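Shown next, in structure tokens, is the structure this report addresses.
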Amino acid sequence: MKRLFALLVLLSSSVLHAAQVEWFSPEGEVKGVRQVTARFDTPMVPFGDPRLVEPFDIDCPAAGSGRWADGRNWV
């Protein structure tokens with residue numbers, strides 16, 4: 001019974017943890033931004049899978065696209 005309870009606690013804590021942005025650059029108002037970078041606290045995608053959707057809604061007048069550099073970093 002104790003093992004079942006411990007397993008349920010472990011599973012529920014991992015389900016409740018939503019991925020969060022650990023680091024984002026640049027921040028604030030910056031002139032001439034050419035690239036942004038976001039790092040998540042947990043792996044979000046299999047190593048740089050290009051088929052997955054972008055993690056943010058982008059509203060920028062400049063042309064460009066995002067990509068996953070690895071499982072946790074989006075540029």
Side-chain angles (χ1 to χ4, degrees):
M1 186 68 166
K2 288 181 183 180
R3 287 184 185 177
L4 178 60
F5 179 73
L7 180 61
L8 289 174
V9 169
L10 179 63
L11 289 175
S12 66
S13 66
S14 65
V15 169
L16 294 177
H17 176 74
Q20 296 182 15
V21 175
E22 183 177 82
W23 182 76
F24 190 90
S25 176
E27 292 184 15
E29 283 192 39
V30 180
K31 288 186 176 184
V33 174
R34 306 276 302 160
Q35 177 174 307
V36 298
T37 304
R39 180 174 53 225
F40 293 86
D41 63 345
T42 59
M44 300 290 291
V45 297
F47 187 72
D49 189 343
R51 297 171 295 169
L52 298 173
V53 297
E54 295 180 352
F56 303 103
D57 290 328
I58 310 290
D59 183 17
C60 179
S65 63
R67 68 176 178 84
W68 288 98
D70 60 32
R72 292 178 53 202
N73 293 289
W74 180 82
V75 294

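Since the model is a prediction, treat every value here as computed from it, not as a measurement.
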Contacts of Arg39 that satisfy side-chain hydrogen bond (donor to acceptor under 3.5 Å, both in side chains) - sequence neighbours left out | Glu22
Hey, can you pull the donor-acceptor pairs under 3.5 Å for the side chains in residues 24-38, sequence neighbours left out?
none

Tell me, do Trp68 and Pro46 make a side-chain contact under 4.5 Å, heavy atoms counted?
-> no
So, for Phe40 and Pro55, which heavy atoms are closest and what is the spacing to 0.1 Å?
-> CZ-CB, 3.7 Å
Pair listing, salt bridge (Lys or Arg N to Asp or Glu O under 4.0 Å) test, anchored in residues 56-68, at least two apart | none
Should Val45 and Phe56 be regarded as members of a common hydrophobic cluster, given that ILVMFWY residues are connected when their side-chain heavy atoms come within less than 4.5 Å of each other, either directly or indirectly?
-> yes
Hey, any chance Val75 and Met44 share a hydrophobic cluster, counting ILVMFWY side chains that come within less than 4.5 Å of each other, even indirectly?
-> no
